[in-house]
Protein chains: 2
Amino acid sequence: MDNYNSEENSIIESLISIFTVNKGEVKILLFRKKTEPYKGYWMLPGNVLKSNESLEENINEYVLLKCGFSELYIEQCLVFSEINRIPDKRVVATTCIGLIDSKSVELKQEISSTIESEWFNISAIPKTIYDHAEIIGKSIDYLKERIINSNILKILFPSDFTLPELQKVYEQILDTELDRRNFRKKFINLGLIEDTGYKNEGYTGRPAKLYRFKENFEGKNLF
Amino acid sequence: MDNYNSEENSIIESLISIFTVNKGEVKILLFRKKTEPYKGYWMLPGNVLKSNESLEENINEYVLLKCGFSELYIEQCLVFSEINRIPDKRVVATTCIGLIDSKSVELKQEISSTIESEWFNISAIPKTIYDHAEIIGKSIDYLKERIINSNILKILFPSDFTLPELQKVYEQILDTELDRRNFRKKFINLGLIEDTGYKNEGYTGRPAKLYRFKENFEGKNLF
DNA sequence: ACAAAAGTGTTGCCAGTACACCCATGA
DNA sequence: TCATGGGTGTACTGGCAACACTTTTGT
(Lines give C-alpha, C1' and ligand atoms only; values in the text may rest on other atoms or scores of the structure.)
Protein backbone atom coordinates (compact mmCIF):
# COMPACT_ATOMS: atom_id res chain seq x y z
CA MET A 1 0.00 0.00 0.00
CA ASP A 2 1.43 3.32 -1.00
CA ASN A 3 -1.08 5.81 0.13
CA TYR A 4 -2.76 6.40 3.46
CA ASN A 5 -4.44 9.70 2.55
CA SER A 6 -7.77 8.06 2.68
CA GLU A 7 -10.97 9.50 4.01
CA GLU A 8 -11.98 5.98 4.90
CA ASN A 9 -11.35 5.94 8.60
CA SER A 10 -13.05 3.39 10.77
CA ILE A 11 -14.11 3.13 14.37
CA ILE A 12 -12.31 0.29 16.06
CA GLU A 13 -13.61 -1.13 19.29
CA SER A 14 -11.57 -3.52 21.37
CA LEU A 15 -13.59 -6.23 23.08
CA ILE A 16 -12.22 -8.55 25.71
CA SER A 17 -13.42 -11.89 27.02
CA ILE A 18 -11.96 -12.07 30.51
CA PHE A 19 -11.93 -15.54 32.05
CA THR A 20 -11.27 -16.58 35.61
CA VAL A 21 -11.79 -19.64 37.77
CA ASN A 22 -13.88 -19.09 40.86
CA LYS A 23 -14.73 -21.92 43.25
CA GLY A 24 -13.84 -24.40 40.54
CA GLU A 25 -16.02 -22.78 37.90
CA VAL A 26 -14.78 -21.14 34.72
CA LYS A 27 -16.37 -17.72 34.39
CA ILE A 28 -16.44 -14.82 31.98
CA LEU A 29 -16.90 -11.18 32.91
CA LEU A 30 -19.77 -9.26 31.33
CA PHE A 31 -21.13 -5.75 31.79
CA ARG A 32 -24.75 -4.72 31.83
CA LYS A 33 -25.80 -2.25 29.15
CA LYS A 34 -27.64 0.68 30.69
CA THR A 35 -28.89 2.52 27.64
CA GLU A 36 -31.07 1.74 24.68
CA PRO A 37 -30.82 -0.13 22.42
CA TYR A 38 -30.41 -3.48 24.14
CA LYS A 39 -30.86 -1.87 27.52
CA GLY A 40 -30.49 -4.48 30.25
CA TYR A 41 -28.67 -6.94 28.00
CA TRP A 42 -25.14 -8.02 28.77
CA MET A 43 -22.01 -7.21 26.78
CA LEU A 44 -18.30 -7.76 26.66
CA PRO A 45 -16.11 -5.11 28.24
CA GLY A 46 -14.47 -2.93 25.63
CA ASN A 47 -14.05 0.53 24.29
CA VAL A 48 -13.03 2.57 21.31
CA LEU A 49 -9.39 2.36 20.31
CA LYS A 50 -7.73 5.73 20.54
CA SER A 51 -5.00 6.91 18.25
CA ASN A 52 -2.30 7.04 20.91
CA GLU A 53 -2.47 3.46 22.11
CA SER A 54 -2.13 -0.07 20.82
CA LEU A 55 -4.86 -2.63 21.16
CA GLU A 56 -3.16 -4.24 24.15
CA GLU A 57 -2.49 -0.91 25.84
CA ASN A 58 -6.07 0.11 25.29
CA ILE A 59 -7.41 -3.03 26.92
CA ASN A 60 -5.03 -2.88 29.87
CA GLU A 61 -5.88 0.72 30.58
CA TYR A 62 -9.58 0.05 30.23
CA VAL A 63 -9.76 -2.96 32.52
CA LEU A 64 -7.68 -1.16 35.13
CA LEU A 65 -10.08 1.76 35.01
CA LYS A 66 -13.33 -0.16 34.86
CA CYS A 67 -12.50 -3.37 36.71
CA GLY A 68 -9.48 -2.49 38.81
CA PHE A 69 -7.38 -5.31 37.35
CA SER A 70 -3.76 -4.51 36.72
CA GLU A 71 -1.59 -6.71 34.53
CA LEU A 72 -4.23 -8.71 32.78
CA TYR A 73 -2.84 -11.52 30.62
CA ILE A 74 -4.01 -10.96 27.02
CA GLU A 75 -3.95 -12.83 23.74
CA GLN A 76 -5.43 -11.72 20.44
CA CYS A 77 -8.43 -13.53 19.13
CA LEU A 78 -10.37 -12.53 15.99
CA VAL A 79 -11.45 -9.41 14.14
CA PHE A 80 -15.16 -8.92 13.44
CA SER A 81 -15.67 -6.55 10.56
CA GLU A 82 -19.03 -7.43 9.06
CA ILE A 83 -20.63 -4.19 7.94
CA ASN A 84 -23.86 -4.65 9.81
CA ARG A 85 -22.61 -6.26 12.99
CA ILE A 86 -23.92 -3.10 14.63
CA PRO A 87 -26.94 -1.70 12.78
CA ASP A 88 -26.40 1.66 11.15
CA LYS A 89 -22.87 1.99 12.43
CA ARG A 90 -19.62 0.72 11.02
CA VAL A 91 -17.56 -0.49 13.94
CA VAL A 92 -14.74 -3.00 13.54
CA ALA A 93 -14.23 -5.15 16.63
CA THR A 94 -10.78 -6.45 17.46
CA THR A 95 -11.17 -9.08 20.15
CA CYS A 96 -8.90 -10.61 22.76
CA ILE A 97 -9.13 -13.12 25.52
CA GLY A 98 -7.85 -12.17 28.95
CA LEU A 99 -7.04 -14.43 31.87
CA ILE A 100 -6.94 -13.43 35.52
CA ASP A 101 -6.61 -15.59 38.61
CA SER A 102 -9.25 -15.39 41.29
CA LYS A 103 -6.87 -13.98 43.86
CA SER A 104 -6.10 -11.01 41.63
CA VAL A 105 -9.82 -10.53 41.15
CA GLU A 106 -10.28 -10.30 44.91
CA LEU A 107 -7.35 -7.94 45.27
CA LYS A 108 -8.57 -5.63 42.54
CA GLN A 109 -8.09 -1.94 43.02
CA GLU A 110 -10.84 0.39 44.10
CA ILE A 111 -12.77 1.77 41.19
CA SER A 112 -15.34 4.47 41.02
CA SER A 113 -17.72 3.10 38.49
CA THR A 114 -21.40 2.68 38.06
CA ILE A 115 -20.94 -0.29 35.78
CA GLU A 116 -22.95 -3.32 36.73
CA SER A 117 -20.75 -6.33 36.09
CA GLU A 118 -21.04 -10.02 36.76
CA TRP A 119 -19.07 -13.23 36.28
CA PHE A 120 -21.04 -15.81 34.31
CA ASN A 121 -20.38 -19.49 34.06
CA ILE A 122 -19.25 -20.16 30.49
CA SER A 123 -22.03 -22.69 30.05
CA ALA A 124 -24.69 -20.17 31.08
CA ILE A 125 -24.15 -17.01 29.06
CA PRO A 126 -27.04 -14.56 29.33
CA LYS A 127 -28.62 -12.51 26.55
CA THR A 128 -26.03 -10.27 24.96
CA ILE A 129 -26.00 -7.32 22.59
CA TYR A 130 -25.25 -7.38 18.86
CA ASP A 131 -22.82 -10.15 17.91
CA HIS A 132 -21.32 -10.56 21.36
CA ALA A 133 -22.69 -14.08 21.76
CA GLU A 134 -20.80 -15.11 18.65
CA ILE A 135 -17.66 -13.37 19.87
CA ILE A 136 -17.92 -15.10 23.24
CA GLY A 137 -18.33 -18.43 21.47
CA LYS A 138 -15.23 -17.84 19.36
CA SER A 139 -13.31 -16.73 22.44
CA ILE A 140 -14.17 -19.96 24.21
CA ASP A 141 -13.13 -21.90 21.10
CA TYR A 142 -9.85 -20.04 21.12
CA LEU A 143 -9.34 -20.75 24.82
CA LYS A 144 -10.07 -24.40 24.11
CA GLU A 145 -7.38 -24.53 21.48
CA ARG A 146 -4.92 -22.80 23.78
CA ILE A 147 -5.36 -25.06 26.79
CA ILE A 148 -4.74 -27.99 24.48
CA ASN A 149 -1.65 -26.56 22.84
CA SER A 150 -0.04 -24.53 25.61
CA ASN A 151 0.12 -24.33 29.36
CA ILE A 152 -1.82 -21.08 29.38
CA LEU A 153 -3.79 -22.28 32.42
CA LYS A 154 -0.73 -21.49 34.48
CA ILE A 155 -2.00 -17.91 34.42
CA LEU A 156 -5.20 -18.95 36.15
CA PHE A 157 -3.30 -20.92 38.80
CA PRO A 158 -0.34 -18.76 39.81
CA SER A 159 -0.16 -20.43 43.22
CA ASP A 160 -1.06 -23.82 44.65
CA PHE A 161 -3.82 -25.90 43.16
CA THR A 162 -5.01 -29.48 43.31
CA LEU A 163 -5.15 -31.81 40.34
CA PRO A 164 -8.90 -32.38 40.68
CA GLU A 165 -9.37 -28.59 40.50
CA LEU A 166 -7.24 -28.35 37.38
CA GLN A 167 -9.04 -31.29 35.83
CA LYS A 168 -12.44 -29.70 36.40
CA VAL A 169 -11.30 -26.57 34.59
CA TYR A 170 -10.15 -28.62 31.62
CA GLU A 171 -13.42 -30.49 31.62
CA GLN A 172 -15.46 -27.30 31.61
CA ILE A 173 -13.50 -25.64 28.84
CA LEU A 174 -13.18 -28.73 26.67
CA ASP A 175 -16.77 -29.65 27.50
CA THR A 176 -15.89 -33.29 28.08
CA GLU A 177 -15.13 -35.71 30.91
CA LEU A 178 -11.60 -36.88 31.57
CA ASP A 179 -10.30 -39.91 33.42
CA ARG A 180 -8.81 -38.93 36.78
CA ARG A 181 -5.94 -41.42 36.73
CA ASN A 182 -4.91 -40.64 33.16
CA PHE A 183 -5.17 -36.92 33.79
CA ARG A 184 -2.84 -37.17 36.80
CA LYS A 185 -0.37 -39.35 34.96
CA LYS A 186 -0.29 -36.99 32.03
CA PHE A 187 0.31 -33.83 34.03
CA ILE A 188 2.84 -35.32 36.36
CA ASN A 189 4.75 -36.98 33.53
CA LEU A 190 4.76 -33.76 31.51
CA GLY A 191 7.01 -32.36 34.18
CA LEU A 192 5.48 -28.92 34.21
CA ILE A 193 4.03 -29.06 37.70
CA GLU A 194 5.57 -29.95 41.04
CA ASP A 195 4.31 -31.17 44.39
CA THR A 196 4.45 -28.46 47.05
CA GLY A 197 4.35 -31.02 49.87
CA TYR A 198 1.22 -29.43 51.27
CA LYS A 199 -2.32 -30.69 51.31
CA ASN A 200 -5.66 -29.10 50.79
CA GLU A 201 -7.19 -29.90 54.17
CA GLY A 202 -10.48 -28.95 55.71
CA TYR A 203 -12.83 -30.33 53.08
CA THR A 204 -14.86 -33.46 53.17
CA GLY A 205 -13.04 -36.54 51.93
CA ARG A 206 -9.37 -37.24 51.61
CA PRO A 207 -7.30 -34.06 51.26
CA ALA A 208 -5.79 -33.43 47.85
CA LYS A 209 -2.11 -32.72 47.32
CA LEU A 210 -1.25 -29.18 46.36
CA TYR A 211 0.80 -28.62 43.23
CA ARG A 212 2.26 -25.57 41.57
CA PHE A 213 3.39 -24.84 38.02
CA LYS A 214 7.14 -24.82 37.60
CA GLU A 215 8.73 -21.60 36.43
CA ASN A 216 9.81 -21.14 32.82
CA PHE A 217 8.17 -24.11 31.29
CA GLU A 218 6.47 -23.75 27.95
CA GLY A 219 4.17 -26.71 27.53
CA LYS A 220 3.19 -28.07 24.16
CA ASN A 221 0.32 -30.16 22.85
CA LEU A 222 -1.10 -31.17 26.19
CA PHE A 223 -4.06 -33.06 24.80
CA MET B 1 -19.42 -0.09 25.30
CA ASP B 2 -22.27 2.34 25.19
CA ASN B 3 -21.08 5.12 23.04
CA TYR B 4 -19.59 5.21 19.58
CA ASN B 5 -19.70 8.97 19.14
CA SER B 6 -15.98 9.12 19.28
CA GLU B 7 -13.72 11.33 17.28
CA GLU B 8 -11.10 8.63 17.59
CA ASN B 9 -11.33 7.01 14.21
CA SER B 10 -8.46 4.96 12.89
CA ILE B 11 -7.09 4.01 9.53
CA ILE B 12 -7.20 0.24 9.10
CA GLU B 13 -5.11 -1.43 6.46
CA SER B 14 -5.63 -5.04 5.53
CA LEU B 15 -2.45 -6.90 4.68
CA ILE B 16 -2.33 -10.35 3.16
CA SER B 17 0.38 -12.98 2.99
CA ILE B 18 -0.52 -15.01 -0.08
CA PHE B 19 1.19 -18.39 -0.31
CA THR B 20 1.42 -20.78 -3.21
CA VAL B 21 3.47 -23.79 -4.21
CA ASN B 22 5.33 -23.46 -7.46
CA LYS B 23 7.60 -26.19 -8.80
CA GLY B 24 7.75 -27.67 -5.32
CA GLU B 25 8.67 -24.43 -3.63
CA VAL B 26 6.54 -22.56 -1.10
CA LYS B 27 6.32 -18.92 -2.13
CA ILE B 28 4.83 -15.70 -0.88
CA LEU B 29 3.64 -12.83 -3.05
CA LEU B 30 5.14 -9.38 -2.51
CA PHE B 31 4.74 -6.06 -4.26
CA ARG B 32 7.48 -3.56 -5.00
CA LYS B 33 7.02 -0.13 -3.44
CA LYS B 34 7.42 2.57 -6.06
CA THR B 35 7.42 5.71 -3.96
CA GLU B 36 9.42 7.12 -1.09
CA PRO B 37 9.86 6.24 1.69
CA TYR B 38 11.19 2.73 1.28
CA LYS B 39 11.15 3.08 -2.51
CA GLY B 40 12.30 -0.16 -4.09
CA TYR B 41 11.63 -2.22 -0.98
CA TRP B 42 9.07 -5.02 -1.02
CA MET B 43 5.77 -5.11 0.82
CA LEU B 44 2.72 -7.22 1.46
CA PRO B 45 -0.29 -6.62 -0.74
CA GLY B 46 -2.97 -4.70 1.07
CA ASN B 47 -5.06 -1.61 1.17
CA VAL B 48 -7.16 0.63 3.32
CA LEU B 49 -10.35 -0.88 4.67
CA LYS B 50 -13.37 1.01 3.42
CA SER B 51 -16.52 1.50 5.39
CA ASN B 52 -18.72 -0.56 3.12
CA GLU B 53 -16.81 -3.83 3.22
CA SER B 54 -15.61 -6.41 5.69
CA LEU B 55 -11.98 -7.35 6.00
CA GLU B 56 -12.48 -10.48 3.93
CA GLU B 57 -14.46 -8.67 1.24
CA ASN B 58 -11.81 -6.00 1.09
CA ILE B 59 -9.04 -8.50 0.53
CA ASN B 60 -10.94 -10.50 -2.04
CA GLU B 61 -11.81 -7.42 -4.03
CA TYR B 62 -8.26 -6.13 -3.81
CA VAL B 63 -6.51 -9.30 -4.92
CA LEU B 64 -8.93 -9.70 -7.79
CA LEU B 65 -8.19 -6.17 -8.91
CA LYS B 66 -4.44 -6.18 -8.39
CA CYS B 67 -3.52 -9.82 -8.93
CA GLY B 68 -6.41 -11.25 -10.94
CA PHE B 69 -7.09 -14.00 -8.40
CA SER B 70 -10.69 -14.81 -7.77
CA GLU B 71 -11.77 -16.86 -4.77
CA LEU B 72 -8.68 -16.66 -2.67
CA TYR B 73 -8.79 -18.83 0.43
CA ILE B 74 -8.35 -16.57 3.49
CA GLU B 75 -7.83 -16.98 7.21
CA GLN B 76 -7.34 -14.24 9.77
CA CYS B 77 -3.96 -13.88 11.36
CA LEU B 78 -2.99 -11.07 13.79
CA VAL B 79 -3.65 -7.37 14.31
CA PHE B 80 -0.69 -5.01 14.49
CA SER B 81 -1.57 -1.85 16.30
CA GLU B 82 1.67 -0.48 17.71
CA ILE B 83 1.49 3.28 17.48
CA ASN B 84 4.71 3.76 15.60
CA ARG B 85 4.64 0.76 13.33
CA ILE B 86 4.48 3.36 10.58
CA PRO B 87 6.32 6.54 11.56
CA ASP B 88 4.16 9.61 11.97
CA LYS B 89 1.00 7.79 10.96
CA ARG B 90 -1.39 5.75 12.99
CA VAL B 91 -2.41 2.78 10.88
CA VAL B 92 -3.77 -0.42 12.37
CA ALA B 93 -2.96 -3.48 10.28
CA THR B 94 -5.33 -6.43 10.25
CA THR B 95 -3.53 -9.33 8.62
CA CYS B 96 -4.57 -12.53 6.91
CA ILE B 97 -2.98 -15.43 5.19
CA GLY B 98 -4.22 -16.46 1.78
CA LEU B 99 -3.64 -19.70 -0.10
CA ILE B 100 -3.86 -20.19 -3.83
CA ASP B 101 -2.90 -23.17 -5.92
CA SER B 102 -0.42 -22.74 -8.74
CA LYS B 103 -2.94 -23.60 -11.41
CA SER B 104 -5.19 -20.74 -10.31
CA VAL B 105 -2.17 -18.46 -10.35
CA GLU B 106 -1.55 -19.37 -13.99
CA LEU B 107 -5.19 -18.92 -14.88
CA LYS B 108 -5.43 -15.53 -13.25
CA GLN B 109 -7.50 -12.91 -14.94
CA GLU B 110 -6.05 -10.11 -16.99
CA ILE B 111 -5.25 -7.08 -14.94
CA SER B 112 -4.23 -3.61 -15.96
CA SER B 113 -1.75 -2.74 -13.32
CA THR B 114 1.66 -1.26 -13.09
CA ILE B 115 2.42 -3.09 -9.87
CA GLU B 116 5.68 -4.95 -9.88
CA SER B 117 5.07 -8.20 -8.06
CA GLU B 118 7.10 -11.31 -7.42
CA TRP B 119 6.79 -14.66 -5.68
CA PHE B 120 9.55 -15.17 -3.13
CA ASN B 121 10.67 -18.39 -1.55
CA ILE B 122 9.65 -18.22 2.09
CA SER B 123 13.23 -18.84 3.14
CA ALA B 124 14.50 -15.91 1.07
CA ILE B 125 12.39 -12.89 1.92
CA PRO B 126 13.83 -9.63 0.55
CA LYS B 127 14.03 -6.28 2.31
CA THR B 128 10.57 -5.11 3.24
CA ILE B 129 8.97 -1.88 4.41
CA TYR B 130 7.99 -0.99 7.99
CA ASP B 131 7.06 -4.03 10.08
CA HIS B 132 6.23 -6.26 7.12
CA ALA B 133 9.09 -8.63 7.85
CA GLU B 134 7.62 -9.28 11.29
CA ILE B 135 4.16 -9.73 9.81
CA ILE B 136 5.49 -12.18 7.24
CA GLY B 137 7.23 -14.09 10.01
CA LYS B 138 4.04 -14.32 12.06
CA SER B 139 2.11 -15.36 8.96
CA ILE B 140 4.52 -18.22 8.36
CA ASP B 141 4.23 -19.21 12.02
CA TYR B 142 0.48 -19.22 11.64
CA LEU B 143 0.69 -21.32 8.48
CA LYS B 144 2.97 -23.71 10.34
CA GLU B 145 0.42 -24.14 13.09
CA ARG B 146 -2.35 -24.66 10.55
CA ILE B 147 -0.65 -27.34 8.48
CA ILE B 148 -0.05 -29.22 11.73
CA ASN B 149 -3.59 -28.92 13.04
CA SER B 150 -5.69 -28.98 9.90
CA ASN B 151 -5.60 -30.19 6.34
CA ILE B 152 -5.39 -26.67 5.00
CA LEU B 153 -2.85 -27.78 2.41
CA LYS B 154 -5.72 -29.27 0.52
CA ILE B 155 -6.26 -25.75 -0.80
CA LEU B 156 -2.80 -25.73 -2.35
CA PHE B 157 -3.32 -29.13 -3.98
CA PRO B 158 -6.83 -29.11 -5.39
CA SER B 159 -5.93 -31.74 -7.98
CA ASP B 160 -3.44 -34.59 -8.21
CA PHE B 161 -0.17 -34.48 -6.35
CA THR B 162 2.54 -36.91 -5.36
CA LEU B 163 3.46 -37.68 -1.78
CA PRO B 164 7.07 -36.53 -2.23
CA GLU B 165 5.71 -33.17 -3.43
CA LEU B 166 3.47 -32.85 -0.40
CA GLN B 167 6.26 -33.87 1.91
CA LYS B 168 8.58 -31.21 0.51
CA VAL B 169 5.97 -28.55 1.21
CA TYR B 170 5.63 -29.71 4.80
CA GLU B 171 9.38 -29.72 5.16
CA GLN B 172 9.70 -26.18 3.87
CA ILE B 173 6.97 -24.77 6.05
CA LEU B 174 7.92 -26.67 9.19
CA ASP B 175 11.58 -26.06 8.42
CA THR B 176 12.53 -29.62 9.22
CA GLU B 177 13.23 -32.94 7.50
CA LEU B 178 10.72 -35.76 7.59
CA ASP B 179 11.14 -39.49 7.02
CA ARG B 180 9.70 -40.53 3.69
CA ARG B 181 8.28 -43.87 4.85
CA ASN B 182 6.70 -42.49 7.97
CA PHE B 183 5.27 -39.54 6.08
CA ARG B 184 3.59 -41.89 3.59
CA LYS B 185 2.27 -44.16 6.29
CA LYS B 186 0.84 -41.24 8.21
CA PHE B 187 -0.96 -39.64 5.30
CA ILE B 188 -2.29 -42.85 3.87
CA ASN B 189 -3.48 -44.09 7.29
CA LEU B 190 -5.16 -40.78 8.03
CA GLY B 191 -7.55 -41.61 5.25
CA LEU B 192 -7.78 -38.11 3.88
CA ILE B 193 -6.12 -38.77 0.55
CA GLU B 194 -6.77 -41.38 -2.11
CA ASP B 195 -4.79 -42.98 -4.91
CA THR B 196 -5.93 -41.78 -8.33
CA GLY B 197 -4.42 -44.81 -10.05
CA TYR B 198 -2.27 -42.56 -12.21
CA LYS B 199 1.44 -41.94 -12.11
CA ASN B 200 3.58 -38.92 -12.51
CA GLU B 201 5.60 -40.05 -15.53
CA GLY B 202 8.21 -38.28 -17.57
CA TYR B 203 10.69 -37.42 -14.83
CA THR B 204 13.94 -39.07 -13.97
CA GLY B 205 13.63 -41.97 -11.57
CA ARG B 206 10.69 -44.15 -10.72
CA PRO B 207 7.37 -42.38 -11.35
CA ALA B 208 5.45 -41.35 -8.25
CA LYS B 209 1.84 -42.29 -7.66
CA LEU B 210 -0.64 -39.46 -7.95
CA TYR B 211 -2.98 -38.88 -5.05
CA ARG B 212 -5.83 -36.49 -4.43
CA PHE B 213 -7.49 -35.16 -1.28
CA LYS B 214 -10.84 -36.74 -0.55
CA GLU B 215 -13.85 -34.46 -0.42
CA ASN B 216 -15.32 -33.31 2.87
CA PHE B 217 -12.64 -34.46 5.19
CA GLU B 218 -11.60 -32.20 8.03
CA GLY B 219 -8.24 -33.41 9.27
CA LYS B 220 -7.04 -32.81 12.80
CA ASN B 221 -3.65 -32.75 14.46
CA LEU B 222 -1.66 -34.08 11.57
CA PHE B 223 1.72 -33.79 13.29
C1' DA C 1 -18.43 -46.88 60.99
C1' DC C 2 -19.48 -44.51 57.20
C1' DA C 3 -19.47 -41.16 53.54
C1' DA C 4 -16.82 -38.42 50.52
C1' DA C 5 -13.25 -37.46 47.63
C1' DA C 6 -8.29 -38.44 46.35
C1' DG C 7 -4.59 -41.42 45.29
C1' DT C 8 -2.62 -45.38 42.76
C1' DG C 9 -1.11 -49.57 38.95
C1' DT C 10 -1.77 -52.69 34.98
C1' DT C 11 -2.72 -53.86 30.51
C1' DG C 12 -3.69 -53.41 25.67
C1' DC C 13 -3.47 -50.67 21.77
C1' DC C 14 -2.13 -47.42 18.49
C1' DA C 15 0.82 -43.94 16.70
C1' DG C 16 5.36 -42.35 16.08
C1' DT C 17 10.15 -43.34 15.01
C1' DA C 18 14.16 -45.37 13.29
C1' DC C 19 16.01 -47.82 9.84
C1' DA C 20 17.59 -50.64 4.73
C1' DC C 21 16.32 -52.73 0.76
C1' DC C 22 13.91 -53.23 -3.66
C1' DC C 23 11.44 -51.23 -7.85
C1' DA C 24 10.32 -48.52 -12.04
C1' DT C 25 11.73 -45.49 -15.19
C1' DG C 26 14.83 -42.53 -18.44
C1' DA C 27 19.21 -41.93 -20.26
C1' DT D 1 23.52 -50.95 -17.09
C1' DC D 2 23.35 -47.31 -14.42
C1' DA D 3 21.69 -43.35 -12.14
C1' DT D 4 17.73 -41.32 -10.09
C1' DG D 5 14.11 -41.05 -7.24
C1' DG D 6 9.89 -43.67 -5.38
C1' DG D 7 7.79 -47.45 -2.87
C1' DT D 8 7.63 -50.80 0.95
C1' DG D 9 8.05 -53.63 5.95
C1' DT D 10 9.64 -54.47 10.62
C1' DA D 11 10.69 -53.80 15.22
C1' DC D 12 10.84 -50.69 19.11
C1' DT D 13 9.03 -47.32 22.02
C1' DG D 14 6.09 -44.21 24.37
C1' DG D 15 1.77 -42.10 24.99
C1' DC D 16 -3.21 -42.83 25.49
C1' DA D 17 -7.30 -45.20 27.08
C1' DA D 18 -9.80 -48.31 29.76
C1' DC D 19 -10.49 -49.97 34.08
C1' DA D 20 -11.29 -51.03 40.19
C1' DC D 21 -9.52 -50.87 44.51
C1' DT D 22 -7.30 -48.56 48.46
C1' DT D 23 -6.31 -44.42 51.43
C1' DT D 24 -7.19 -40.35 54.03
C1' DT D 25 -9.88 -37.34 56.12
C1' DG D 26 -14.44 -35.29 58.50
C1' DT D 27 -18.64 -36.44 60.71
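Per chain, numbering begins at 1; letters A, B, ... match sequence-line order.
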Checklist line | Electrostatic pair A:E25-A:K23, nearest N-O below 4.0 angstrom | finding: no
Next item on the list: Answer with yes or no whether the side chains of A:N22 and A:S102 bring together a donor and an acceptor at under 3.5 Å.
Entry: no
Checklist line | Separation of atom CZ in B:F183 from atom P in D:dT8, rounded to whole Å | finding: 15 Å
Check: Which nucleotide sits closest to the side chain of A:R206: D:dT23, D:dT25, D:dG7?
Finding: D:dT23
Next item on the list: Would you kindly give the OH-to-C1' distance between A:Y203 and D:dT27, to the nearest whole Å?
Entry: 17 Å
Next item on the list: Describe, in one word, how the ring planes of A:Y62 and A:F31 are oriented to each other, choosing from parallel (under 30°), tilted (30 to 60°) and perpendicular (over 60°).
Entry: tilted
Check: Atom NZ of B:K199 to atom C1' of D:dG5: distance rounded to whole Å?
Finding: 13 Å
Next item on the list: Describe, in one word, how the ring planes of A:F161 and A:F157 are oriented to each other, choosing from parallel (under 30°), tilted (30 to 60°) and perpendicular (over 60°).
Entry: tilted
Check: Salt-bridged, B:D101 to B:K103, with N to O below 4.0 Å?
Finding: no
Checklist line | Selection: residues 163-181 of chain A, any non-hydrogen atom under 4.0 Å of DNA chain C | finding: A:P164, A:R180, A:R181
Next item on the list: Whole angstrom is fine here: how far is it from CZ in A:R184 over to P in D:dG15?
Entry: 18 Å
Notebook entry, point to check: Can you tell me how far P of D:dG6 sits from CG of B:N200, to the nearest Å?
Noted result: 9 Å
Margin query: Once you apply a heavy-atom cut-off of 4.0 Å, does A:K185 come out as touching a base, just sugar-phosphate, or nothing?
Written below: base
